[in-house]
K.L.:
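Just dropping this structure here.
Index from 1, following the sequence.
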Amino acid sequence: MVRTYGGWRRRRSIGLFGLGLTATLVLLGGLVVLMLSGMFAPGFALYLLPVMAVAFVFAAVPVQGESLLSFLLTRLRWWWAKVLGHTRYRAGVMVEHPRAFQLPGILAPVTLLSCEDGKGGRFGLAWNRRLGHMTATVLVSSNSVWLAEPADVDTWVASWHQWLASLGYMPWVQWVTVTVESRPDPGSALRTNVEADIDPQSPAAARKIMRDLVLNAPTVSAQVETRISITYDPRKFPVAPKDRMQAAVEISGYLNQIESSLATTGVSVLGRATPEQLVAMVRTAYDPTALNDLSSLLHTTPEDIGTLDWTDATPVEAEAHHDRYTHDSGTSVSWIWQEAPRTHVTSTVLAELLSPTRWAKRTTLLFRPWPAAAAARALESQNSAAQYKSELSWRVRHRVSARDSQDLAYARQAAQEETRGAGLVQVSLYTTATVDDEQRLKQAVAHTESAAETSRIRLRRAWGSQDVAFATTLPLGVCPPFLVQRGMG
């Protein structure tokens, strides 16, 4: 029997029509005022009724996964930001101060720190000077579920959940992102690597065989990388560090624990991302044509590399459009997870979405561990909200929809699992496709959305927030709270 997984549910409030509790109380208060005015001042009620009808339409009509009012406010803010020129970025020729902001938009406060790992090497920390958060990235290689035994896959999934649950006991861990990045790799990379490894003193027949294999190999292959980025808030450490150096030492110690605990989750830890690798990751995301020049930094950690600094990650020009993001030599479109699969899925559910394509693509799963001490209260609140909605549906329509019944069952299941020691995690998913030719953009969009449908995942384009969603897929610790579609599992 094939093992399936599921049970995710979107976090819901006790409000009506998908509104929050505050908006629901305001709406009900308006209805009460309308009823009272109809009883004591009918003339005033005639003026109030159209206003209430318009307010109800703005609050209850959904547009692109949100209310009509939120949609219009987002468009209004977008229009005003464009008028002020906040959607366009151009790098300056001269930076007057070494602490000057370098990256555009939400990434402006982020800078790079180089820290010792205690093993003779160095790793990079993305430091958000505005929030005080520090993000470290661990490079990993994931095991294939296609070739593994089903029992091993079940063990990996269970261990991954235990790993996430353990973060609930670390209040200084703000969130964790797992990013799978794929990009086309020209055939010249394979030829260069093989030529460098061939021993000139080896037999001529052996050298000819290796060169023939390279010639017969596909001219275009793909590079696939997996990384895990952990964002810390040093102010929440058991003992608050006095300075950045002390905070980096504490983070290095916690990273040792995290890296060792990842061994049972089906991944192999390759090491921590060096400052040069982080610079190369960010630079190639903004400028795909720079991949050939920086590809060696993405895979190796030579000791003599020191030619890159944080200014090399800065794009020359970037502009956020409502439906896309243009930057240097690339154009990107980003999506956000609108709804998790409502049915149970297998361990290969994301295989289609993560598969390499002829353009660069990054898919990021963002996990926000819920503090273990507050998990029980949060699940009880969710259970009460689901039960209230089910009861209200029965009293109003004399029936309960299949979706409400399933939502209540998942809420109860989550509460029961939490009492048995399971952790509570909020999860979201972001996907970004980048092309170096805008004529291929429609093809990339269609392919990505089709792959998401095949994976039973509903994606919504990040309208008006393309630059923010783009930044979320980078290893810099960005987690936009207004974009996170919160799920529990």
K.L.:
Under a plain distance cut-off of 3.5 Å, with no hydrogens placed, do T346 and T348 share a side-chain donor-acceptor pair?
P.N.:
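Yes - a donor-acceptor pair under 3.5 Å links their side chains.
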K.L.:
With side chains defined as the heavy atoms from C-beta onward, is the minimum distance between E225 and R183 less than 4.5 Å?
P.N.:
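A side-chain contact under 4.5 Å exists here.
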K.L.:
Could you tell me whether the side chain of S252 and the main chain of A248 form a donor-acceptor pair under 3.5 Å?
P.N.:
no
K.L.:
Quiz question: by atom type and distance under 3.5 Å, do the side chains of T137 and S229 form a donor-acceptor pair?
P.N.:
yes
K.L.:
Step by step, work out the side-chain hydrogen bond (donor to acceptor under 3.5 Å, both in side chains) result for T231 and T135.
P.N.:
CA-CA 4 Å; T231 300; T135 302; 2.9 Å; yes
K.L.:
Look at atom CD of E116 and say whether more than 12 heavy atoms of other residues, nucleotides or ligands are closer to it than 6.0 Å.
P.N.:
no
K.L.:
I'd like to know if the side chain of S465 reaches the main chain of A462, judged simply by a donor and an acceptor atom lying under 3.5 Å from each other, with no hydrogens or angles considered.
P.N.:
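No.
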K.L.:
Show me the pairs that pass ring-ring contact (aromatic ring centres under 6.0 Å, His included) and involve residues 339-366, at least two apart or across chains.
P.N.:
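For residues 339-366, and leaving out neighbouring residues, the ring-ring contact (aromatic ring centres under 6.0 Å, His included) pairs sorted by first residue read W359-H447.
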K.L.:
Going through the distances and angles, do I230 and W175 end up as a side-chain contact (heavy atoms from CB on, under 4.5 Å)?
P.N.:
CA-CA 6 Å; I230 305 99; W175 51 79; over 6 Å; no
K.L.:
Would you say the side-chain atoms of Q466 and R324 include a donor-acceptor pair closer than 3.5 Å?
P.N.:
no
K.L.:
Tell me whether the rings of H327 and F470 are parallel (<30°), tilted (30 to 60°) or perpendicular (>60°).
P.N.:
tilted
K.L.:
Quick one: do the E250 and Q246 side chains pair a donor with an acceptor below 3.5 Å?
P.N.:
no
K.L.:
Looking at every heavy atom in both L164 and V425, which two are closest together, and how far apart are they?
P.N.:
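Closest approach of L164 to V425, heavy atoms only: CB-CG2, 4.1 Å.
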K.L.:
Between atom OG1 of T314 and atom CG of D328, what is the distance when rounded to the nearest 0.5 Å?
P.N.:
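Spacing of OG1 (T314) from CG (D328) equals 10.0 Å.
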K.L.:
Does Y410 have any ring pair (Phe, Tyr, Trp, His ring centres under 6.0 Å) partners at least two apart in sequence or in another chain, and if so, which?
P.N.:
none
K.L.:
Yes or no on side-chain contact (heavy atoms from CB on, under 4.5 Å) for Q277 and L139, after CA distance, side-chain angles and deciding distance?
P.N.:
CA-CA 10 Å; Q277 286 177 319; L139 306 179; 3.6 Å; yes
K.L.:
Find out whether P315 and D287 are in side-chain contact, i.e. whether some heavy atom of one side chain is under 4.5 Å from a heavy atom of the other.
P.N.:
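A side-chain contact is absent here, since even the closest heavy-atom pair is not under 4.5 Å.
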K.L.:
Side chains of W127 and L112: does their closest heavy-atom pair fall under 4.5 Å?
P.N.:
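No, every pair of side-chain atoms sits at 4.5 Å or beyond.
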K.L.:
Stepwise, does the side-chain contact (heavy atoms from CB on, under 4.5 Å) test hold for T448 with V333?
P.N.:
CA-CA 10 Å; T448 304; V333 175; over 6 Å; no
K.L.:
Say whether, by atom type as modelled, one donor and one acceptor occur between the side chain of K361 and the main chain of L353 under 3.5 angstrom.
P.N.:
yes
K.L.:
Taking P109's backbone N and O only, do any of them form a donor-acceptor pair with R129's side chain (distance below 3.5 Å, no angle check)?
P.N.:
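Checked: pair present.
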K.L.:
Counting only heavy atoms not in R456 (residues, nucleotides, ligands), do more than 12 fall under 6.0 Å from its CZ?
P.N.:
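Counting other residues, nucleotides and ligands, CZ of R456 stays at 12 neighbours or fewer.
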K.L.:
What distance do L366 atom CG and T473 atom OG1 have between them, rounded to the nearest 0.5 Å?
P.N.:
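L366 atom CG to T473 atom OG1 measures 11.0 Å (nearest 0.5 Å).
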K.L.:
Do any N or O atoms from the side chain of S261 and from the backbone of Q257 form a donor-acceptor pair under 3.5 angstrom?
P.N.:
yes
K.L.:
Calculate, to the nearest 0.5 Å, the distance between atoms CZ and CG belonging to R227 and L270 respectively.
P.N.:
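Between R227 CZ and L270 CG, I get 13.0 Å after rounding to 0.5 Å.
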K.L.:
Check salt bridge (charged side-chain N to carboxylate O under 4.0 Å, His left out) between R88 and all other residues, then give those that pass, not counting sequence neighbours.
P.N.:
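With neighbours one apart ignored, the set is E317, E319.
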K.L.:
Check for a donor-acceptor pair, side chain of R207 on one end and backbone N or O of P200 on the other, with a separation under 3.5 Å.
P.N.:
yes
K.L.:
Rounded to the nearest 0.5 Å, what separates atom CG in D233 from atom CD in Q174?
P.N.:
4.5 Å
K.L.:
For the residue pair V267 and T226, establish whether any side-chain heavy-atom pair is separated by less than 4.5 Å.
P.N.:
no
K.L.:
Closest heavy-atom contact between V468 and T472?
P.N.:
O-OG1, 2.8 Å
K.L.:
With sequence neighbours left out, what residues match R440 under salt bridge (charged side-chain N to carboxylate O under 4.0 Å, His left out)?
P.N.:
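D436.
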K.L.:
Side chains of I106 and D467: closer than 4.5 Å at any heavy-atom pair?
P.N.:
no
K.L.:
Provide the closest heavy-atom pair for L379 versus A414 in the form atom of the first, atom of the second, distance.
P.N.:
CD1-O, 3.5 Å
K.L.:
I'd like to know if the side chain of S381 and the backbone of R377 have a donor-acceptor N/O pair within less than 3.5 Å.
P.N.:
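Flag not set: sc S381 to bb R377 has no pair under 3.5 Å.
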K.L.:
Ignoring hydrogens, what is the shortest heavy-atom contact between S114 and P275? Give both atom names and the distance.
P.N.:
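Reported closest heavy-atom pair: OG-CG, 3.5 Å.
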K.L.:
Tell me every residue that passes salt bridge (charged side-chain N to carboxylate O under 4.0 Å, His left out) with D437, counting only those two or more places apart in sequence or in another chain.
P.N.:
none
K.L.:
Could you give the distance from CZ (F367) to OG (S428), rounded to the nearest 0.5 Å?
P.N.:
10.0 Å
K.L.:
Does the pair Y286 and V316 meet the rule for a side-chain contact (heavy atoms from CB on, under 4.5 Å), with working shown?
P.N.:
CA-CA 9 Å; Y286 281 106; V316 176; over 6 Å; no
K.L.:
For Y254, what residues pass the ring pair (Phe, Tyr, Trp, His ring centres under 6.0 Å) criterion, not counting sequence neighbours?
P.N.:
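Result, ring pair (Phe, Tyr, Trp, His ring centres under 6.0 Å) vs Y254: W172, F237.
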K.L.:
Side-chain contact, heavy-atom cut-off 4.5 Å: L429 with L350?
P.N.:
yes
K.L.:
Tell me, do W156 and T265 make a side-chain contact under 4.5 Å, heavy atoms counted?
P.N.:
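When only atoms from C-beta onward are counted, T265 and W156 do not touch, as no gap falls below 4.5 Å.
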K.L.:
Do you know which two heavy atoms are closest between W337 and L365, and how far apart they sit?
P.N.:
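So the minimum-distance heavy-atom pair works out to CZ3-CD2, 4.1 Å.
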K.L.:
Where the side chain of W335 meets the backbone of V445, is there a donor-acceptor pair that is under 3.5 Å apart?
P.N.:
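Looks like no, no N/O pair under 3.5 Å.
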K.L.:
So does D323 get a backbone contact from the side chain of R461, meaning a donor-acceptor N/O pair under 3.5 Å?
P.N.:
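Indeed, once roles are kept as given, a pair shorter than 3.5 Å links the two residues.
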K.L.:
Using every non-hydrogen atom in the two residues, find where Y89 and P104 come nearest and quote the distance to one decimal.
P.N.:
CG-CB, 3.4 Å
K.L.:
May I ask you to test the W78-T87 pair for a side-chain heavy-atom distance under 4.5 Å?
P.N.:
yes
K.L.:
Hey, could you give me the OG1/CD1 distance between T363 and I457, rounded to the nearest 0.5 Å?
P.N.:
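It comes to 9.0 Å.
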